[in-house]
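Working notes for the structure below.
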Amino acid sequence: MQLQINATTRPPANNRALRRGGQIPATVYGHKGSESISIALDAKEATTLLREATINNTMIVVNVTDGDFKGKTLLREVQNHPYKNSIYHLSFFAIEAQSKIEVDIPLHFVGVPVGVKVGGGSVDTIKNYVRVSCAPSNIPESFEIDITPLEIGKGVHVSEINYPEGVKPVTESTALVVTILKK
């Protein structure tokens, strides 16, 4: 999934005044080494973006309308106000210059295992995501794992997941992601 948001550059001024004006301070870093760009986002657009975006997983095109940056980023951090239900600050990581990045990809388990249906066991989910290394343009949405053939005492390891070409697991390959336990 790839989303897009427009932004404007912001001076290192009073962020409270910015928030009162319906904007949210944000930062884009990683596009020129250690340099970063301070930007401001429309609060309504940012709230809509966060409904669809996942931290460290969703590709977002940030377009700084009055600056020199337009590029693909990953949402790295969302800071919320401590007691108000509002966004306080966003951080984006520019990935255009990166040949490979590490991201957490969610796991979706499908089917009812034989060990549950016949043996009366239970599904023990150990990991809900797996960390992978891949090109920014090759980030998978999720991995679907069929657990139907699993019997009691059996499980699925990180190494047994089907990865698309160019996607390599960073998580330890012998780690279990799901297993079937005897009740």
Side-chain angles (χ1 to χ4, degrees), residues 1-109 125 127-145 161 163-171 177:
M1 178 176 6
Q2 182 173 304
L3 304 172
Q4 185 165 341
I5 192 162
N6 290 323
T8 56
T9 56
R10 71 177 160 93
N14 187 345
N15 286 335
R16 273 191 205 137
L18 195 68
R19 290 185 193 95
R20 277 194 304 269
Q23 295 193 306
I24 296 171
T27 305
V28 176
Y29 63 95
H31 67 293
K32 290 183 182 175
S34 62
E35 278 186 44
S36 64
I37 304 173
S38 296
I39 59 173
L41 307 171
D42 179 72
K44 289 178 183 171
E45 283 185 39
T47 302
T48 303
L49 176 81
L50 291 181
R51 285 191 196 116
E52 300 176 35
T54 307
I55 293 175
N56 287 329
N57 196 23
T58 307
M59 185 94 62
I60 301 167
V61 175
V62 174
N63 180 20
V64 181
T65 56
D66 62 346
D68 65 345
F69 181 80
K70 178 180 181 176
K72 294 178 182 175
T73 65
L74 284 178
L75 180 63
R76 280 288 197 218
E77 183 181 27
V78 177
Q79 295 175 8
N80 291 306
H81 192 277
Y83 56 86
K84 294 178 186 174
N85 188 17
S86 61
I87 305 165
Y88 209 65
H89 188 274
L90 298 175
S91 294
F92 297 93
F93 181 69
I95 55 177
E96 287 287 313
Q98 309 298 317
S99 58
K100 290 213 180 276
I101 58 171
E102 289 186 7
V103 290
D104 295 330
I105 307 297
L107 301 174
H108 295 293
F109 303 106
T125 304
K127 290 190 177 296
N128 291 319
Y129 65 88
V130 66
R131 183 166 274 268
V132 298
S133 172
C134 62
S137 59
N138 204 16
I139 300 173
E141 284 282 320
S142 64
F143 294 121
E144 198 168 274
I145 300 171
I161 297 171
Y163 299 98
E165 190 175 326
V167 178
K168 302 276 184 247
V170 175
T171 305
V177 293

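Here the closest non-hydrogen pair linking Ala46 and Ile24 is CB-CD1, 3.8 Å. Nearest heavy-atom pair across Tyr88 and His81 is CE1-CD2, 3.6 Å. Here the shortest heavy-atom pairing between Ile105 and Pro140 reads CD1-O, 3.3 Å. When every heavy atom of Ala94 is checked against every heavy atom of Thr73, the shortest pair comes out as CA-CG2, 4.0 Å. Shortest non-hydrogen contact noted between Arg76 and Glu102 is NH1-O, 4.2 Å. Nearest heavy atom pair, residue Ile60 against residue Ala53, reads CD1-CB, 4.1 Å.
Between Leu50 and Leu75 the shortest side-chain heavy-atom distance falls below 4.5 Å. Looking only at side-chain heavy atoms (C-beta outward), Phe143 and Val167 come within less than 4.5 Å of each other. Counting heavy atoms from C-beta on, the side chains of Ile39 and Phe69 never come closer than 4.5 Å. Between Ile55 and Glu77 the shortest side-chain heavy-atom distance does not fall below 4.5 Å. Contact check for Glu45 versus Gln4: no side-chain heavy atoms found under the 4.5 Å cut-off.
No side-chain donor-acceptor contact under 3.5 Å links Arg10 to the backbone of Leu41. Side chain of Thr27 to backbone of Ser91: no donor-acceptor contact under 3.5 angstrom is found. Judged by distance alone, with hydrogens and angles left aside, the side-chain atoms of Asn6 form no donor-acceptor pair with the main-chain N or O of Asp42 at under 3.5 Å. Side-chain N or O atoms of Ser142 include none that pairs as donor or acceptor with a backbone N or O of Leu107 at under 3.5 Å.
No more than 12 heavy atoms of other residues, nucleotides or ligands lie within 6.0 Å of OH in Tyr129, so this atom counts as exposed by the packing criterion. Atom CD of Glu144 is surrounded by 12 or fewer heavy atoms from other residues, nucleotides or ligands within 6.0 Å.
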Can you list the steps and then say if Ile87 with Asn80 is a side chain to side chain contact (heavy atoms under 4.5 Å, CB included)?
-> CA-CA 4 Å; Ile87 305 165; Asn80 291 306; 4.2 Å; yes
Check against side chain to side chain contact (heavy atoms under 4.5 Å, CB included), Ile101 and Ile139 | CA-CA 9 Å; Ile101 58 171; Ile139 300 173; 3.7 Å; yes
Could you check Ile37 against Val62 for side chain to side chain contact (heavy atoms under 4.5 Å, CB included), going step by step and ending with a plain yes or no?
-> CA-CA 11 Å; Ile37 304 173; Val62 174; over 6 Å; no
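Atom CG of Leu18 and atom NE2 of His89 lie 10.0 Å apart (nearest 0.5 Å). Here Met59 contributes atom CE and Thr54 contributes atom OG1; the two are 13.0 Å apart, rounded to the nearest 0.5 Å.
Defined by atom type and a distance below 3.5 Å, a donor-acceptor pair is missing between the side-chain atoms of Asp66 and Thr8.
The aromatic ring centroids of Phe92 and Tyr29 lie 6.0 Å or more from each other.
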